[in-house]
Asker: 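The structure follows.
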Amino acid sequence: MAAKGAAVVAINKSRDAAVQHNINQSGQGQIKLIWMLAGTLFMAAALPLTAAILPDERIDALFHYYNGGGITVQGPALQASKQIGNHTSLSAKYYVDAISSASIDVVTSASRYTEKREEYSVGTTYLRDKSTLSLNYSNSKENDFVANSANFNISQDMFGDLTTLYMGYSKGWDAIYKTVNTNAGFDRDPSFEKEADRQKFRLGASQIISKNLVTNLNYELITDSGYLNNPYRTVRFSDGSTLSEVYPNTRSSHAIALSANYYLPHRAALHGSYRFYGDTWGVSANTLDIGYTHTYRDNWIVGSHYRHYRQNRANFYQDFFDPFAPQNYMARDKELSSYNSQTIGLNISYNVIPQGWRMFDKGTLNFSIDHMRYQYDDFSDLRNPTPSPYGFSANIVQVYMSVWY
Amino acid sequence: MLKATLLPILAIGIVIMLNGCTLKPWVKPYERANLADPIMSFDRNPISSSYLNHVYEAREGARGADGGQGGGCGCN
C-alpha cells in the first residue's frame, strides 16, 4: 500500500506540473481578454450619463434549517444595507451554519461530529451616473477551514437603460486544516496545514426585451489552485482496502447561465433559468429552474419553483478502484459522481406594513420550504450488505423578515 | 478556445457600444411599471437565495454563474 501511495505521488507531481503550465498559459490569455473588456467598460463609464441606483436600504433577518442525508444544518443570517449620502451604500452580513453530521461519508469512514461555521462580510457600493462599483470582503471560519475572499463588481446601464452590463472579479484564499480526536476532544492536527487560492471572473448582461420580459446572461470562470482535496475522505478498492483521495492541484470551470422573467396580467410572473457547467476535471452539469410567482390582494406574494440538476462525473471519480491499476488521481467524493437532483419549493411573503410605519417604508414576513432529492448513479451505499446506489432526500425551511427604511 | 469565443463577442460589443448613443430605447421609461414590480426581480430575497445557492453548491460539483460571489465551504 505504501509503495502504491508513493508511486501515485510521484506521478502526480509531474502531471501537476504539466497541468499547471497549461492552465497558466490559457489563464494568462483569459485574464488579458477580461482586462480588455474591463477597459472598454471603464471607457463607457466615463461618458456623461444619468440614472442607475444604489442597493435598497433594508435589513433582513433569517433563520434556516436543513435536514436530510443524516445531516442537520441550522442557524441565523443577518444582512443590512445603508446609504451614506447620494452616492455610497454600505452593507454587512453575518451568517452561521451549525452542523451536526452523521452523513453517509461520516457513517462509513468516521464518527459523528458537530461543528459551526461563521461568515462575516462587509461591502460598499459607489454610484456614479449610470455605473456602480462595488467592493466586498468576506471571511468564513470553521474549526478546520478558513476562507477569505475579496470581490469587485462594476455595472453599467446603457442604451436608454434597456441594457445593464456587469463584470466582476474575486480572489479567495483558503486555509485547510484537519481535526483529530485527542483526549481533550477534537483538535487541529498541528502537522497538517494546506492552502488553496481561488479566482473568479464574471461577465454578464441584463436586457429588457419588452415591457413584460427581461433576460439575463451570466458567465463565470473560476480557477482554483492548491490543496483541493477533502483531508478526511478516502477511495475504496475492490479488494476492500482504502487510500486517501488524490486530486489534481488545479481546477478551472466555466459556467454560463441564461435567465428570463416574464410578467403576466393580473400581477404574476413566470421565471426560467438554465445553466451549463463544465470543468477541467471532466465534470459537466445542466441546471434548469422554472418558477411561477403569484400575488394575492396587495400584500401577499406566493412563489413556487422546480429545479432539476444533472451532473456527469469527474474523470478520476470511481465508486471502487482496481487495486492493480492505481490512477494518478482518485476520488470517491459523491459530489464528483454522476447523479440527478430535483428540488421543489414554495415561498410565501406577507407585507405587514403596506402603508409604512415610522421610519419603515415596508416590512415583510416570509416563509419558505424546499424539498430536495438526490439520486446517485455510481456511488454505493456501503451500509447495505449488497451495495446499491445511494440516494437521499432533504427538507429546507427558511423563516425570515425584511424591512425597508 | 475561449479566446476564439470571446474575441467576436468583444468586437460585437464594442460596435454596439459605439452605435449605442444613437439607439432609441424601444421600451420607454413610462412603460416599465411591470418590470419594476418586485416580483420581476432576479433576486427578490437576496438573503434567502444566497443561502439556497450555498446549499446547492455544498452538494453539487457545479459552481458559478448563480449570481452569488461568496466564499466559505461547508462542504460536508
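A, B, ... follow the sequence lines: proteins, then strands. Residue 1 opens every chain.
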Asker: Side chain, backbone, both or neither: which part of A:Ala285 has a non-hydrogen atom closer than 4.5 Å to chain B?
Answerer: side chain
Asker: Is A:Tyr262 close to chain B through its backbone or its side chain, or both, or neither, when contacts mean heavy atoms under 4.5 Å?
Answerer: backbone
Asker: Are A:Asp105 and A:Lys334 ion-paired here, with the side-chain N under 4.0 Å from a carboxylate O?
Answerer: yes
Asker: Sort A:Leu270 into side chain, backbone, both or neither according to what part of it lies under 4.5 angstrom from a heavy atom of chain B.
Answerer: neither
Asker: Which region of A:Asp370, side chain (C-beta onward) or backbone (N, CA, C, O), has a non-hydrogen atom less than 4.5 Å from a non-hydrogen atom of chain B, or is it both or neither?
Answerer: side chain
Asker: Using a cut-off of under 4.5 Å for heavy-atom pairs, which of A:Gln311, A:Arg313, A:Lys141 has the most such pairs with chain B?
Answerer: A:Gln311
Asker: Set out, in order, the CA-CA distance, both residues' side-chain angles and the distance that settles side-chain hydrogen bond (donor to acceptor under 3.5 Å, both in side chains) for A:Asn139 and A:Tyr137, then state yes or no.
Answerer: CA-CA 7 Å; A:Asn139 169 267; A:Tyr137 191 82; 5.8 Å; no
Asker: Quick one: does A:Asn218's side chain have a donor or acceptor within less than 3.5 Å of a partner on A:Gly204's backbone?
Answerer: no
Asker: What part of B:Asp37 gets closer than 4.5 Å to chain A, counting heavy atoms only: side chain, backbone, both or neither?
Answerer: side chain
Asker: Go through the atoms of A:Thr343 and report whether side chain, backbone, both or neither lie under 4.5 Å from a heavy atom of chain B.
Answerer: side chain
Asker: Ignoring hydrogens and geometry beyond distance, is a side-chain donor-acceptor pair present between B:Arg63 and A:Ser253 at under 3.5 Å?
Answerer: yes
Asker: Do A:Asn230 side-chain atoms and A:Tyr232 backbone N/O form a donor-acceptor pair below 3.5 Å?
Answerer: yes
Asker: Is it the case that the side chains of A:Ser368 and A:Asn347 hold a donor-acceptor pair, with the cut-off being a distance below 3.5 Å and no angle test?
Answerer: no
Asker: Among residues at least two apart in sequence or on other chains, which ones pass side-chain hydrogen bond (donor to acceptor under 3.5 Å, both in side chains) with B:Ser49?
Answerer: B:Asp43
Asker: Which atoms of A:Ala314 come close to chain B, meaning under 4.5 Å heavy atom to heavy atom: side chain ones, backbone ones, both, or neither?
Answerer: neither
Asker: For A:Tyr309 and B:Gly61, work out which heavy atoms get closest and say how close.
Answerer: OH-N, 3.5 Å
Asker: Please look at B:Ser50 and chain A and tell me whether the side chain, the backbone, both or neither of the residue comes under 4.5 angstrom of a heavy atom of that chain.
Answerer: side chain
Asker: Using a cut-off of under 4.5 Å for heavy-atom pairs, which of A:Thr293, A:Leu62, A:Val283 has the most such pairs with chain B?
Answerer: A:Leu62
Asker: Which answer fits A:Lys362, side chain, backbone, both or neither, if we ask what part of it has an atom under 4.5 Å from a heavy atom of chain B?
Answerer: side chain
Asker: Compute whether any side-chain donor of one residue and acceptor of the other, for A:Arg117 and A:Ser140, lie under 3.5 angstrom apart.
Answerer: yes
Asker: With a 4.5 angstrom heavy-atom cut-off, could you sort out which part of A:Ser341 is near chain B: side chain, backbone, both or neither?
Answerer: side chain
Asker: Report the distance from atom CH2 of B:Trp26 to atom CD of B:Glu31, rounding to the nearest 0.5 Å.
Answerer: 12.0 Å
Asker: Under 4.5 Å heavy-atom distance to chain A, tell me which part of B:Pro38 shows up: side chain, backbone, both or neither.
Answerer: side chain
Asker: Evaluate the ring planes of A:His64 and A:Tyr95, with Trp represented by its six-membered ring, and classify them as parallel (under 30°), tilted (30 to 60°) or perpendicular (over 60°).
Answerer: parallel
Asker: What part of A:Lys93 is in contact with chain B, defined as an atom under 4.5 angstrom from a non-hydrogen atom: side chain, backbone, both or neither?
Answerer: side chain
Asker: Where on A:Arg307 is there a heavy atom nearer than 4.5 Å to chain B: the side chain, the backbone, both, or neither?
Answerer: side chain
Asker: Contact part of A:Ser284 toward chain B, heavy-atom cut-off under 4.5 Å: side chain, backbone, both or neither?
Answerer: neither
Asker: Would you please indicate if the ring centroids of A:His294 and A:Tyr292 are separated by under 6.0 Å?
Answerer: yes
Asker: What part of A:Ser338 is in contact with chain B, defined as an atom under 4.5 angstrom from a non-hydrogen atom: side chain, backbone, both or neither?
Answerer: neither
Asker: Please state whether the side chain, the backbone, both or neither of A:Ala260 comes within less than 4.5 Å of a heavy atom of chain B.
Answerer: backbone
Asker: Counting only heavy atoms closer than 4.5 Å, note whether A:Gln79 contacts chain B via side chain, backbone, both or neither.
Answerer: both
